[in-house]
Number of protein chains: 2
Amino acid sequence: MLKQEILSKNQQIVLDYIEKVNEPIKAYSILHNVQKKGIKAPLQVYRALDKLVEIGKIHKIESRNAFVACKNSNCQISKATAFSICESCEEVSEISDSKLSKYLKNFQDKAGMKFNKYNLEFFGLCKKCSIK
Amino acid sequence: MLKQEILSKNQQIVLDYIEKVNEPIKAYSILHNVQKKGIKAPLQVYRALDKLVEIGKIHKIESRNAFVACKNSNCQISKATAFSICESCEEVSEISDSKLSKYLKNFQDKAGMKFNKYNLEFFGLCKKCSIK
DNA sequence: TACACAATGTTATATTATAACAATTAACAC
DNA sequence: GTGTTAATTGTTATAATATAACATTGTGTA
Ligand SMILES: [Zn+2]
Ligand SMILES: [Zn+2]
Ligand SMILES: [Zn+2]
Ligand SMILES: [Zn+2]
């Protein structure tokens, strides 16, 4: 089968909401906010999230147990992700830097492991929070 | 106060166990295994883990919610961590590559964020699992 | 001693995520 | 269309991960 292009009902509901809020959001927060659309149980959210992550529509911010919509149009599969995270205001941005991604894709570890995916999270202070 | 060098009782118990098992281990698994040492509640484990992470004795593998002892002697504070993770056998190794760490420490994102920490997780197949 | 702070002990609870199973719907070959 | 398969959904219950709140004890230091 080709990469899925048409989303199922629940997948679309969850994706629509994540894209609308435009910031990292947690699974149970999604649940509360889509209950009016008919989604009632955590599993319905988690199943949609799993699929959306798999096809690269969203990413999981591992250190925060939160999900964000992909902002990187050429990132159709979540195999090479990088984020900046402000430890003060919790703002998260997806980093799109071709030199960085090239460097990491080509990285060879000494143990000879074959990598097919990476996730990188930078932490610090965003511009706004630096001033304060 | 200077960087803590002497660990408290619970911190030492938890660290000893993590160093002994020598692979990523989860908080509740630690709890079960140190109960004979007198640690009874999750919170006692989590508090020790928090401190051990803070001082760089252990690291959290975010994608696995698991903890490993630091193998990188010059990594006294968990500010720059990189791991390789086998998606088949779940073996985890801490990557110690000065070029990589230099590259990431110097990385400047376009939004002008000031980074003070990063965590990188590579996923793939270890040598053993590649053969199968 | 007195103070501040770190660590402990304990109970309860919050948060995040999955198991198990039945029912329904979509995709596709014939 | 029929049958077959896989994907998706619905539902209840439960597992796994993590923190809140509060009282107490230990430790370093002025
Ligand atoms: Zn992306
Ligand atoms: Zn900020
Ligand atoms: Zn380390
Ligand atoms: Zn392996």
Side-chain angles (χ1 to χ4, degrees), chain A residues 1-18 21 24-68 78 87 90 92 119 121, chain B residues 1-18 21 24-68 78 87 90 92 119 121:
Chain A
M1 195 183 75
L2 286 173
K3 261 298 150 208
Q4 178 175 0
E5 293 182 4
I6 294 166
L7 298 175
S8 75
K9 190 187 67 174
N10 288 356
Q11 290 159 13
Q12 191 66 55
I13 290 169
V14 170
L15 177 60
D16 285 348
Y17 182 67
I18 295 175
V21 297
I25 184 157
K26 285 161 174 274
Y28 276 73
S29 172
I30 295 169
L31 176 58
H32 295 141
N33 284 284
V34 297
Q35 285 185 327
K36 47 190 172 251
K37 300 272 182 185
I39 290 182
K40 289 172 187 164
L43 244 196
Q44 294 174 292
V45 172
Y46 278 104
R47 286 197 282 226
L49 290 172
D50 282 351
K51 178 60 79 173
L52 293 169
V53 166
E54 184 190 330
I55 64 178
K57 291 285 191 185
I58 65 172
H59 303 301
K60 182 174 186 183
I61 310 299
E62 294 286 356
S63 64
R64 299 297 186 262
N65 296 319
F67 300 84
V68 284
S78 302
E87 290 182 302
E90 294 294 324
V92 169
N119 179 54
E121 296 181 2
Chain B
M1 194 184 73
L2 285 173
K3 261 295 153 216
Q4 178 176 2
E5 293 182 1
I6 294 167
L7 299 175
S8 74
K9 191 187 67 173
N10 287 356
Q11 291 160 13
Q12 191 65 58
I13 289 169
V14 169
L15 178 59
D16 285 347
Y17 183 66
I18 295 175
V21 299
I25 183 155
K26 286 161 173 272
Y28 275 75
S29 173
I30 295 169
L31 175 59
H32 294 140
N33 284 284
V34 297
Q35 284 185 327
K36 47 192 171 246
K37 301 272 182 185
I39 291 181
K40 289 173 186 163
L43 202 40
Q44 295 174 292
V45 172
Y46 279 104
R47 286 197 282 226
L49 290 172
D50 283 351
K51 176 61 78 172
L52 293 169
V53 166
E54 185 190 329
I55 63 177
K57 291 285 191 183
I58 65 172
H59 303 301
K60 182 173 186 181
I61 308 300
E62 293 286 357
S63 64
R64 300 297 186 261
N65 297 318
F67 300 85
V68 284
S78 302
E87 290 183 302
E90 293 296 323
V92 169
N119 179 55
E121 296 181 2

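Residue numbers start from 1 in every chain, and the chains themselves are labelled A, B, ... in the order their sequence lines are given, proteins ahead of strands. Keep in mind the model is a prediction, meaning the values are calculated, not measured.
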### Task
Write down the distance between CG (B:Leu7) and P (C:dA6), rounded to a whole number of angstrom.
15 Å

### For B:Asp50, side-chain hydrogen bond (donor to acceptor under 3.5 Å, both in side chains) partners two or more places apart
none

### Query
Hey, what bend do you get for the helix from C:dT1-D:dA30 to C:dC30-D:dG1 if you fit axes on five pairs at each end, rounded to 10°?
40°

### Message
Can you see if the side chain of B:Ser8 gets near the phosphate of C:dA6 - specifically, an N or O under 4.0 Å from OP1 or OP2?
### Response
no

### Message
Is any side-chain heavy atom of A:Leu7 closer than 4.5 Å to one of A:Ile55?
### Response
yes

### Message
To the closest 0.5 Å, what do you measure between CD1 (B:Ile18) and CD1 (B:Ile58)?
### Response
4.0 Å

### Message
Taking side-chain hydrogen bond (donor to acceptor under 3.5 Å, both in side chains) as the definition, give me every residue that meets it alongside A:Asn33, ordered by chain and number, with sequence neighbours left out.
### Response
A:Tyr17

### Task
Can you sort out which residues in residues 31-41 of chain A have a heavy atom within less than 4.0 Å of DNA chain D? Ascending by number, please.
A:Lys40, A:Ala41

### Task
Take the protein atom CD of B:Gln44 and the nucleotide atom P of C:dA6, then report the distance between them rounded to whole Å.
19 Å

### Message
Are the side chains of B:Ile30 and B:Lys26 in contact, using a 4.5 Å heavy-atom criterion?
### Response
no

### Message
How many whole angstroms separate atom CD of B:Glu62 from atom C1' of D:dA18?
### Response
13 Å

### Task
Using atom types as modelled and distance alone, determine if a side-chain donor or acceptor of A:Gln11 lies under 3.5 Å from a backbone N or O of A:Ser8.
yes

#### Entry: Interatomic distance, B:Asp50 CG vs C:dT8 C1' [rounded to whole Å]
14 Å

### Task
Go through D:dT8, D:dG10, C:dT8 for me and flag the one nearest to the B:Asn10 side chain.
C:dT8

### Student check: side-chain heavy atoms of A:Lys9 and A:Ile13 closer than 4.5 Å
yes

### Summary
To the nearest angstrom, the CG-P distance between A:Leu49 and C:dA17 comes to 9 Å

Would you give me the side-chain donor-acceptor pairs under 3.5 Å for residues 60-68 of chain B, sequence neighbours excluded?
from    : atom 1 : to       : atom 2 : distance (Å)
B:Ser63 : OG     : B:Glu121 : OE1    : 2.7
B:Arg64 : NE     : B:Glu90  : OE1    : 2.6

### Query
Quick one: which of C:dA17, C:dT8, D:dT8 gets closest to the side chain of A:Lys51?
D:dT8

### Task
Hey, could you give me the CG/CD1 distance between A:Asn10 and A:Ile39, rounded to the nearest 0.5 Å?
4.0 Å

### Message
Give me the atom names and distance for the closest heavy-atom approach of B:Val14 to B:Ala48.
### Response
CG2-CB, 3.7 Å

### Task
Let me know the distance between CD of B:Gln12 and P of C:dA7, rounded to the nearest Å.
13 Å

Which protein N or O atoms sit under 3.5 Å from an N or O of nucleotides 14-17 of chain D?
from   : atom 1 : to      : atom 2 : distance (Å)
D:dT17 : OP1    : B:Lys26 : NZ     : 2.5

#### Entry: Considering all heavy atoms, the nearest A:Ala27-A:Leu49 contact
CB-CD1, 3.9 Å

## Note on the structure
Whether each nucleotide of nucleotides 21-30 of chain D has a protein heavy atom under 4.0 Å at its base (B), only at its sugar-phosphate (S) or at neither (-) is summarised, 5' to 3', as B---------

### Query
Considering residues at least two apart in sequence or located in another chain, which fulfil the side-chain hydrogen bond (donor to acceptor under 3.5 Å, both in side chains) criterion with B:Gln12?
B:Asp16

